[in-house]
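Reading through the structure tokens given below for one structure.
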Number of protein chains: 2
Amino acid sequence: MLKLSRKTEYALMALRHLSGKSAGELTSSKEIAGTYRIPGELLAKTLQQLAREGIVETVQGPHGGYRLKANLNLINLSDFIELLEGPVALTDCSIDNNCSQIMTCTIRTPIHRINEKMKEIFSNTTLAEVMQ
Amino acid sequence: MLKLSRKTEYALMALRHLSGKSAGELTSSKEIAGTYRIPGELLAKTLQQLAREGIVETVQGPHGGYRLKANLNLINLSDFIELLEGPVALTDCSIDNNCSQIMTCTIRTPIHRINEKMKEIFSNTTLAEVMQ
DNA sequence: GTTTAATCCGACTAAAGAAGTCGTATTAAT
DNA sequence: ATTAATACGACTTCTTTAGTCGGATTAAAC
């Protein structure tokens, strides 16, 4: 049904939350999870992933937490989704050629065309725009 | 990862196969499944669904089968996908409001905007175009 | 230095959805 | 009557997603 994963939704909500804080201010994963009723452990893992990717910055220990690191105007939604859930693709054959129907498939090319258009939408949307 | 279901892929391949036949000619589900190595039962069920929706026409009994009924220029991909897999929606809240985060969610509006753009692509593509 | 409150991270379990199979009924040509 | 097709619901299996758990690390506060 072409849905985003919860992980991606949670990540976007968290980034939006962080972008509302003043520069340098730290926010705990717990605060965010509590505010939006997101399962704590899951959000924590997601934020850790964003940290590894350099999108947020972390400080450990008591009074630690997360804050924005990257400029959200410079990250597009396509890259962001691919970071969290892998390739944006309507079909597996947009990713690799390990499809048993590859020789006989008659709809590859048109599907690819549509796939490209879809990716374009995501590519042309920055995270900053999603925060608005 | 925003994928189409196999059912949708199979349906498109089947329609493409049928659209290559001469007007009125019948093709069995088995022939199509064999040609593209699609699990027979699954394709059969899918074709039956397309028949109920008036997209193909069926003739039962020996020498029976399927043939195109609808004009593929007049059916857009959005409606077609929704027929087979339900609403095209990046998030559940694009479909209904049964989301526990509904009161606090901060990304609803921007996600809806993107969702609309995505649906537009599908709406502006006819099945006939996918057959090319 | 012990406690505490936070991140870190892999492994596991549970739930949901998608894909595929099966059995039985119906239809209609031969 | 037989046969080759569709019709369709119920079931099973597989894959992916979502969520949980346990234990480690870090660093502030006491």
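A, B, ... follow the sequence lines: proteins, then strands. Residue 1 opens every chain. Values reported hereafter were calculated over all heavy atoms of this structure, with side chains retained and with hydrogens, waters and symmetry mates removed.
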- Task: Return yes if the base of dT21(C) and the side-chain atoms of K45(B) contain a donor-acceptor N/O pair under 3.5 Å, otherwise no.
- Result: yes

- Calculate the interatomic distance between R6(A) atom CZ and dG17(C) atom C1'; express it in whole Å. 13 Å

- Using atom CE of M1(B) as one end and atom P of dA18(D) as the other, report the distance to the nearest whole Å. 12 Å

- R67(A) CZ - dA6(C) P separation (whole Å): 16 Å

- Task: Return the value, rounded to whole Å, for the distance between atom CD of Q60(B) and atom C1' of dT26(C).
- Result: 6 Å

- Query: OP1, OP2 of dA6(C) versus side-chain N and O of Y66(A): anything below 4.0 Å?
  - Reply: no

- Heavy-atom side-chain contact between V130(B) and F80(B) under 4.5 Å: no

- N or O in side chain of S5(B) less than 4.0 angstrom from dG17(C) OP1/OP2: no

- Task: Could you tell me whether the phosphate oxygens of dC8(C), OP1 or OP2, come under 4.0 Å of any side-chain nitrogen or oxygen in R52(A)?
- Result: no

- Mind calculating the distance between CD (E41(A)) and P (dG23(D)) to the nearest angstrom? 13 Å

- Task: Give the nucleotide from the list dA29(C), dG20(C), dT6(D) with an atom nearest to the side chain of S29(B).
- Result: dT6(D)

- Atom pair distance, as rounded to whole Å: CG in L50(A) and P in dC8(C): 11 Å

- Query: Does the side chain of Y10(B) get closer than 4.0 angstrom to OP1 or OP2 of dG20(C) through an N or O atom?
  - Reply: yes

- L47(A) CG - dT7(C) P separation (whole Å): 8 Å

- Residue whose nearest DNA chain D nucleotide is more 5′ - P62(B) or Q48(B): P62(B)

- Query: Under 4.0 Å: is that the gap between some side-chain N or O of T58(B) and OP1 or OP2 of dA7(D)?
  - Reply: yes

- Do M13(A) and L26(A) sit in the same hydrophobic cluster, where Ile, Leu, Val, Met, Phe, Trp and Tyr count as joined when their side-chain heavy atoms come under 4.5 Å apart? no

- Query: Atom CG of L42(A) to atom C1' of dT13(C): distance rounded to whole Å?
  - Reply: 14 Å

- Check: S22(B) side chain, E25(B) main-chain N or O, donor-acceptor pair, under 3.5 Å: no

- With no hydrogens and no angle check, is any side-chain donor or acceptor of E9(B) less than 3.5 Å from a backbone partner on T91(A)? no

- Distance-only, no hydrogens or angles: does the E53(B) side chain make a donor-acceptor pair with backbone N or O of L84(B) under 3.5 Å? no

